[in-house]
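The sequence lines fix the lettering, A, B, ..., with proteins before strands; numbering per chain opens at 1. The basis for the numbers below is simple: all heavy atoms, side chains too, and nothing from hydrogens, waters or symmetry mates.
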Amino acid sequence: MSLQVNLRQRVADALRTAGIDERFAAVAPAAAARFGDFQTNAAMVAAKALKKNPREVAASILTHLNVEDFCERPTVAGAGFINFKVLDTALSDAVNAVRNDRRLGVESVQKAKTILIDFSSPNVAKPMHVGHIRSTILGDSLSRIARHLGHRVITDNHIGDWGTQFGKVIYGWKHLLNRVALEQTPIDELVRLYREVNAMEENDPVLKETVRHELVKLQQGDAENLEIWKQAVSLSWKEFERLYGLLEITFDERLGESFYNDALGPLVDRLLAQGIARESEGAVCIFFPETPALEEKPCLIRKSDGGFLYATTDLATLEYREQRWHPDAVWYVTGAPQQLHFEQVFASARKLGITTDLLHIAFGSILGEDRKMMKTRSGENVELGGLLGEAIEQAMTVVTEKNPDLSAAEQHEVARVIGLGAVKYADLMQHRLTDYLFSWEKMLSFQGNTAPYLQNAYVRIRSIFRKAEAELSEGISYASSPISIAAPAERALALQILKFGEVLHAVLEDQRPNLLCLYLYELADSFHSFYEACPILKAEDRVRSSRLALAEVTAEVLKTGLSLLGIGVPERM
RNA sequence: GCAGCCAUAGCUCAAUUGGAUAGAGCAUCUGACUACGGAUCAGAAGGUUUGAGGUUCGACUCCUCAUGGCUGCACCA
């Protein structure tokens with residue numbers, strides 16, 4: 001049991017003895033070090049409910065509070081804050097416990113859920129661009145964290161392999177295809193076809209109709225068009241796989257929209273038969289008269305020309321997932337603009353009797369330097385592949401400059417870990433709902449609150465151990481010596497290490513990896529302060545052993561935490 | 001028109017969900033380099049949290065109104 005959980009329990013006990021509802025028991029790290037290590041605001045919250053004086057309630061709680069075995073005498077401050085300062089011995093014990101715990105103080109959830117996470121979802125024959133970054137990186141990180149906390153997670157890449165873009169691609173394939181280019185750079189060629197046809201039909205209604213007809217032929221099963229489609233999908237997958245491999249992202253399920261195609265017609269028929277959907281203006285819609293916000297926002301599931309829509313596919317997909325995985329929750333990691341769409345889909349799902357916890361994990365848009373949203377067809381989108389390459393390249397120049405002694409192979413690997421880490425961290429560190437201002441300069445800057453800063457903290461610790469192993473004579477082992485907390489910088493670092501047990505649960509509570517980023521940054525910061533203030537290798541035996549062990553736990557937490565963000569750590573950099 | 005999201009230091013962002021003197025990073029300034037890796041640390045300066053009311057012991061946070069911005073709203077995904 002962690003110190004914080006233990007304290008919460010003691011506060012609950014005190015509340016119960018004092019005749020106050022123990023649900024008010026909540027303990028948080030102290031707002032500032034001058035107040036102590038932990039605090040509870042229970043007295044003020046309870047006083048509010050009971051219409052009593054907060055300070056009197058605090059005093060009453062204090063008389064029933066029994067924490068002498070691991071805290072100094074608690075004090076009441078301000079409007080009714082109760083502050084705790086943990087004894088050095090108890091703090092030492094707690095950090096030692098984390099050090100000896102394979103899970104570093106992170107407890108698994110009480111009730112493991114099956115969570116299906118839908119993210120990334122690039123479109124075939126279109127480049128993966130910056131717009132896919134957030135979904136991909138955020139979804140991957142949430143998957144890792146949920147899994148780490150003991151949930152059963154299914155990652156599902158719902159590829160856009162059946163969209164209207166195929167009319168353009170097929171027309172282009174038949175009339176504009178450059179076979180050599182297709183061999184050498186297949187995705188670029190597919191994108192070129194898409195873009196050229198898209199531009200050509202802009203002012204040509206006749207061509208537009210021809211292109212649309214190619215799409216209809218594909219949908220009706222035309223052999224030639226189907227073959228072109230299959231090749232386009234296969235070529236796109238190769239490129240996706242390359243990028244996912246680079247990013248070290250994996251999927252358990254990778255069924256594209258086309259997989260659900262045959263289910264769409266029967267689904268709409270069934271919804272009509274059950275009276276859930278009805279015809280309106282030639283289209284088939286689901287209405288939500290009972291939901292005020294959706295009263296005038298029907299969900300279209302079949303067009304008047306018989307075609308199906310985004311919502312139809314999403315509903316069919318959900319039904320499939322229900323019977324295939326029986327999930328407790330389905331999370332959709334997509335942009336905030338799709339909020340209405342998901343409200344409609346979720347409301348429709350409820351009409352279908354689906355009670356699964358459905359969640360739209362929305363995130364803000366990626367903005368260009370003009371502060372306008374980056375649009376899919378602006379033609380100025382930064383492609384993901386190029387972006388990652390650029391990040392690695394820039395990391396490479398820094399690495400070769402800072403550490404020319406590394407072998408070429410190691411420089412490449414370090415540049416990859418740093419470059420990709422920088423891109424991922426720059427995205428994850430922000431609250432997911434705030435719009436993300438895309439900036440090469442910021443993303444690739446290795447100063448301040450960035451992945452390289454965190455990686456550097458880890459590398460330094462590894463460096464200390466390399467030096468220690470070289471200097472210490474054989475037989476001397478620090479591994480068996482306990483951590484003993486004394487100096488202020490040691491206290492601060494120890495307390496920060498202990499927070500790891502809480503932060504992951506907080507992240508999953510609101511699907512916010514930025515809380516983990518913030519935590520790791522503060523951990524690295526605490527370590528660097530400790531590193532400056534407390535000599536490790538130059539200290540006398542017992543202190544040296546303790547500090548080495550403290551550094552070791554720090555490294556483990558950094559490595560584990562970063563891995564949960566999908567970010568690696570090098571041994572040298 | 002209706003709805004959703006948002007407005008915090010010069011810039012980019014936080015704020016443990018209603019708690020203590022609103023915190024970081026860039027940029028600026030002052031210190032610390034024969035260094036356990038300076039990709040660092042210690043410190044300074046920078047704020048009427050868009051504006052006006054309200055709720056209470058206490059508001060960046062909740063409510064109302066206003067202003068400004070982004071996004072969505074019937075046959076794209």
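Residue A:Asp161 is out of contact with every strand shown, counting any heavy-atom pair closer than 4.0 Å. Looking at heavy-atom distances under 4.0 Å, A:Ala336 makes no contact with the nucleic acid at all. Using a 4.0 Å heavy-atom cutoff across all strands shown, A:Thr313 reaches no nucleic acid atom at all. A:Ser529 comes within 4.0 angstrom of sugar-phosphate atoms only, judged by non-hydrogen atoms across all strands, and of no base. Residue contacts shown for A:Cys534 include a base, since a base heavy atom lies under 4.0 Å away. No engagement by A:Phe363 is indicated, since no non-hydrogen atom pair under 4.0 Å with the nucleic acid exists. When heavy atoms are screened at a 4.0 angstrom cut-off, A:Val284 is found touching no nucleic acid atom at all. Across all strands, A:Asn41 comes closer than 4.0 Å to base atoms (heavy-atom distances). At a threshold of 4.0 angstrom between heavy atoms, the contacts of A:Asn53 with the nucleic acid are absent. At the heavy-atom level, A:Glu281 lies under 4.0 Å from base atoms of the strands shown. Looking at heavy-atom distances under 4.0 Å, A:Arg512 makes contact with a base. Base contact: A:Pro535 has a heavy atom under 4.0 Å from a base atom. Among the heavy atoms of the strands lying under 4.0 Å from A:Leu340 are primed sugar atoms or P, OP1, OP2 only; no base atom is included. The residue A:Met429 sits apart from the nucleic acid: no heavy atom pair falls under 4.0 Å.
At least one side-chain nitrogen or oxygen of A:Lys402 sits closer than 4.0 Å to the OP1 or OP2 atom of B:rA39. Phosphate proximity of B:rA14 to A:Thr434: present, with a side-chain N or O under 4.0 Å from OP1 or OP2. Within the 4.0 Å cut-off from OP1 or OP2 of B:rU40, at least one side-chain nitrogen or oxygen of A:Gln447 is found. Contact check, A:Lys442 against B:rU12: no side-chain N or O comes under 4.0 Å of OP1 or OP2.
Here the side chain of A:Met44 is nearest to one of B:rA20, B:rA39, B:rG19, namely B:rG19. Here B:rG37 is the nucleotide among B:rA39, B:rG37, B:rC73 with the atom lying nearest to any side-chain atom of A:Ile464. With B:rA15, B:rA20, B:rC36 as the choices, the nucleotide that has an atom nearest any side-chain atom of A:Leu537 turns out to be B:rC36. With distances taken from any side-chain atom of A:Lys297 to the nucleotides B:rG37, B:rG72, B:rU12, the minimum falls on B:rG72.
Between A:Phe530 atom CZ and B:rG37 atom P there is a gap of 14 Å when expressed in whole angstrom units. The interatomic distance linking A:Tyr531 (OH) with B:rC41 (C1') rounds to 11 Å, in whole Å. Rounded to whole angstrom, the span from the CG atom of A:Asp405 across to the P atom of B:rG37 amounts to 14 Å. B:rC76 atom P lies 15 Å from atom CD1 of A:Ile301, rounded to whole Å. In this structure, A:Tyr453 atom OH and B:rG38 atom C1' are separated by 12 Å, rounded to whole Å. Regarding A:Tyr310, its OH atom lies at a distance of 16 Å from the C1' atom of B:rC73, rounded to whole Å. For the pair A:Leu518 CG and B:rU17 P, the interatomic distance rounds to 14 Å; values are reported in whole Å. Between A:Asp305 atom CG and B:rA74 atom P there is a gap of 17 Å when expressed in whole angstrom units.
Heavy atoms from other residues, nucleotides or ligands lying under 6.0 Å from CZ of A:Arg23 number 12 at most. The local environment of CD in A:Glu522 is crowded, with over 12 non-hydrogen atoms from other residues, nucleotides or ligands closer than 6.0 Å.
Comparing B:rA52 with B:rU8, their P atoms are spaced 16 Å from each other, to the whole Å.
Taking the charged nitrogens against the carboxylate oxygens, A:Glu201 and A:Lys168 do have a contact shorter than 4.0 Å, which makes a salt bridge.
By the ring pair (Phe, Tyr, Trp, His ring centres under 6.0 Å) test, A:Tyr521 pairs with A:Tyr453, sequence neighbours left out.
By the criterion of a centre-to-centre distance under 5.5 Å and near-parallel planes under 30°, the ring of A:Phe81 forms a stack with the base of B:rA20.
In terms of modelled atom types and a separation under 3.5 Å, the side chain of A:Arg462 and the main chain of A:Pro570 share no donor-acceptor contact. At least one donor-acceptor pair under 3.5 Å links the side chain of A:Tyr519 to the backbone N or O of A:Gln496. In terms of modelled atom types and a separation under 3.5 Å, the side chain of A:Asn403 and the main chain of A:Met573 share a donor-acceptor contact.
No hydrogens or angles considered: a donor-acceptor pair under 3.5 Å links the side chains of A:Asp314 and A:His341. Judged purely by distance below 3.5 Å, without hydrogens or angles, the side chains of A:Tyr332 and A:Gln338 never pair a donor atom with an acceptor atom.
Helical stems involving RNA chain B, defined as 3 or more consecutive Watson-Crick or G-U pairs under 3.5 Å, span B:1-5 with B:69-73, B:10-13 with B:23-26, B:28-32 with B:40-44, B:50-54 with B:62-66.
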With a cut-off of 3.5 Å and sequence neighbours excluded, list every side-chain donor-acceptor pair involving residues 413-432 of chain A.
unit_1   : atom_1 : unit_2   : atom_2 : d
A:Glu413 : OE1    : A:Arg416 : NE     : 3.3
A:Glu413 : OE2    : A:Arg416 : NH2    : 3.2
A:Arg416 : NH1    : A:Leu246 : O      : 3.1
A:Arg416 : NH2    : A:Glu248 : OE2    : 3.2
A:Lys424 : NZ     : A:Leu247 : O      : 2.8
A:Lys424 : NZ     : A:Gly566 : O      : 2.7
A:Tyr425 : OH     : A:Asn449 : OD1    : 2.7
A:Tyr425 : OH     : A:Cys517 : O      : 3.2
A:Asp427 : OD1    : A:Arg134 : NE     : 2.9
A:His431 : ND1    : A:Leu433 : N      : 3.1
A:Arg432 : NE     : A:Gln511 : O      : 2.8
A:Arg432 : NH1    : A:Ala362 : O      : 2.8
A:Arg432 : NH2    : A:Asp510 : O      : 2.9

